[in-house]
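Only one structure is covered here, and it is reproduced in the block below.
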Amino acid sequence: MRFIPIDFPYILRLFVALTWTNFKMRYYGSILGYVWTLLKPLALFGVLYFVYTFVFNQKTPHYKPFLLLGIMLWDLFSQATMAGMMGFIGNYQMIRKVYLPRIILVASAVSAAFIGLFFNLIIFALFAFVDGVPLHWRVLWFLPLLIALYLLVMGIGLILSIVVVKVRDMISLWEVAIQLGFWLTPVIYPMSQVPEKLRFYMFINPMSGILTYSRFLLVGIGGLTKSGYCYVIAMSCLIFLLGVFIFTLKEGEMTEDL
Amino acid sequence: MPPVITVRNLSKTFRLPTERRGTLRERLMKAHVSNERRTRKTLDDINFHIHQGEFFGIIGRNGSGKSTLLKILAGIYRPDKGSEIAINGRIAPMLELGVGFNPELTGRENVFLNATILGLTNREIRARYEEIVHFAELENFMELQVKHYSSGMSVRLAFAVAMQVNAPIMLLDEVLAVGDFVFAEKCFALFERYKKEGKTIVLVTHSAESMKRFADRAMLIHESHIAAIGNPGEVIELYHKLN
């Protein structure tokens, strides 16, 4: 039963307003706020670059943009899924007092994190340019990958937002999962350094493909297989659809459990 | 004239776990103990209709189910299977105190967000913004975060927004309980105007006085059932007798 007319312009207005609100709250409404949030991936980048270049003697060419892109994409994954997870329980005051299509709450939280990624990618482009990474037409193939990443984190966010209503410690569990995932996904090392028999298992995680292929498309390191590329996109769409399905199935019940 | 709200066989059952197990540890430690779920019928077989332009009052003691009823009408809770609700027209809900304001945002930001949720476009909000602020009497506080507002202030603001939504149906839950008498008088004046304009208003209140003054019809909910429906004076008399 929907008593407020759910027409497309209304959904769009609401989505834009909530995304903007989330974005503003993340960045404390200022450019300086954005600089602060950039500090975390950049600091991590600085430390890891130091450790891997001077301590472990990492010799991957263009390692700087390689590492930075990995950290930025992983940071987005972590921020967006966390924000999505809190999209439902974090807005309980609103949910209990006015009807709105609740899926938008999660969608806008995830989208706000994505706006941050666009700024980060500009910083990355500067790094890549300074490091002398040549621009290639294949950069365009990064766009579908970006959309896949968006759908992937949205799907995960939707699922987590429902689970966390019933199991509050999912927040801590997911934090651990993200921390482990950081090392078990080729964020700081290239896939080529992973033993060959393990690669298949690592590629099951769609983030592995997204990171590896993004590096190939934007930095020119590593490779890309068509089947792998298609798998990443299909898997992301699947998780997105699963998220939408679980969310719409359970949101009514969860509203009462909030 | 056809009714704007028709409710038939409405029931609402909440599942109440004997204890709440919100964390994995609690779930694992007590996995062998059954967490028997009791159910509680908060609303049982509710039937009524409200006509266009009617001022419909709902009274009842705390926990009688009247707020749940309003939440179902607003679309927040889902009624049990078999319930029938038909509503013709857009609803502006004003439930509990404070409406869905985000405490971290300023009053101004909350007005825009809240009005967007209630269906206004940005242009409409800008056009009505001054009127909202004026009605809420918060001219000097709009750039302040809502978490610093008093409960009266946030309810006034929420009410002012809801009033500007211009929906043909208004659901109002205990709005008069927080504002001072000046604000209450302002609300009454607005009610009069809306009645003249033919809007339908559903008001939940404890105030017998305002009920007698405004309601065309009243409904008494007692222990999940409709105890009486009809003339406000008689309904209120019964309400006092029941307690």
Side-chain angles (χ1 to χ4, degrees), chain A residues 1-7 9-29 89-102 104-105 108-109 163-174 176 248-258, chain B residues 5 12-17 20-27 68 71-79 83-106 109-110 112-122 125 158 162 165 167 169 171 173:
Chain A
M1 251 169 313
R2 303 238 178 313
F3 305 129
I4 295 176
I6 303 301
D7 50 317
Y10 169 73
I11 299 275
L12 194 67
R13 282 203 305 272
L14 195 55
F15 177 70
V16 170
L18 283 168
T19 304
W20 178 236
T21 305
N22 277 315
F23 183 71
K24 256 196 311 200
M25 286 173 60
R26 264 169 85 82
Y27 298 113
Y28 316 106
I89 59 169
N91 285 305
Y92 74 99
Q93 285 170 322
M94 201 180 278
I95 291 173
R96 291 174 64 109
K97 279 169 188 163
V98 60
Y99 176 78
L100 71 166
R102 291 151 194 143
I104 294 185
L105 292 171
S108 60
V163 173
V164 82
V165 177
K166 286 284 186 192
V167 187
R168 293 284 160 145
D169 27 16
M170 195 62 212
I171 301 169
S172 322
L173 289 178
W174 189 246
V176 175
T248 42
L249 193 71
K250 285 283 178 189
E251 57 149 348
E253 188 187 326
M254 293 307 141
T255 304
E256 289 164 21
D257 282 346
L258 266 179
Chain B
I5 299 179
K12 176 69 197 171
T13 312
F14 283 104
R15 297 167 303 119
L16 302 168
R20 207 188 156 88
R21 292 180 189 170
T23 67
L24 264 184
R25 192 184 141 268
E26 283 168 352
R27 276 167 192 257
T68 304
K71 279 189 174 170
I72 291 174
L73 290 180
I76 296 167
Y77 287 163
R78 289 176 191 181
S83 309
E84 284 172 49
I85 300 175
I87 294 180
N88 294 313
R90 209 168 69 173
I91 279 184
M94 168 71 208
L95 306 177
E96 288 176 357
L97 312 179
V99 178
F101 280 159
N102 186 329
E104 297 297 325
L105 296 177
T106 65
E109 288 164 335
N110 266 311
F112 275 81
L113 190 57
N114 208 238
T116 307
I117 292 172
L118 293 176
L120 293 188
T121 64
N122 261 331
I125 302 168
V165 170
I169 307 169
L171 300 181
D173 192 358

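Just the heavy atoms: all of them, side chains too, but no hydrogens, waters or symmetry mates, feed the values below. So you know, we letter chains A, B, ... as the sequences are listed, proteins then strands, and number each from 1.
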Who among Leu120(B), Ile169(B), Leu171(B) has the most heavy-atom pairs with chain A under 4.5 Å? Leu120(B)
Does any backbone or side-chain atom of Ile95(A) lie under 4.5 Å from a heavy atom of chain B? Answer side chain, backbone, both or neither. backbone
Select one option (side chain, backbone, both, neither) describing which atoms of Phe112(B) are under 4.5 Å from chain A's heavy atoms. neither
Which atoms of Leu105(B) come close to chain A, meaning under 4.5 Å heavy atom to heavy atom: side chain ones, backbone ones, both, or neither? side chain
Rounded to the nearest 0.5 Å, how far apart are CD1 of Ile76(B) and CG of Leu100(A)? 9.0 Å
To the nearest 0.5 Å, how far apart are CD in Glu256(A) and NZ in Lys12(B)? 3.0 Å
Looking at Tyr92(A), I'd like to know if its OH atom is crowded, meaning that more than 12 non-hydrogen atoms belonging to other residues, nucleotides or ligands lie closer than 6.0 Å. no
Take Arg13(A) and Asn122(B), measure what side chain to side chain contact (heavy atoms under 4.5 Å, CB included) needs, and give me the verdict at the end. CA-CA 8 Å; Arg13(A) 282 203 305 272; Asn122(B) 261 331; over 6 Å; no
Which residues pass the ring-ring contact (aromatic ring centres under 6.0 Å, His included) test with Phe15(A), not counting sequence neighbours? none
Within the structure provided, determine whether Glu104(B) and Thr21(A) are in side-chain contact (heavy-atom separation under 4.5 Å). no
Partner residues of Glu253(A) under the salt bridge (charged side-chain N to carboxylate O under 4.0 Å, His left out) criterion, sequence neighbours left out: Lys250(A), Arg15(B)
May I ask you to decide if Ile117(B)'s main-chain N or O and Tyr10(A)'s side chain share a donor-acceptor pair within less than 3.5 Å? yes
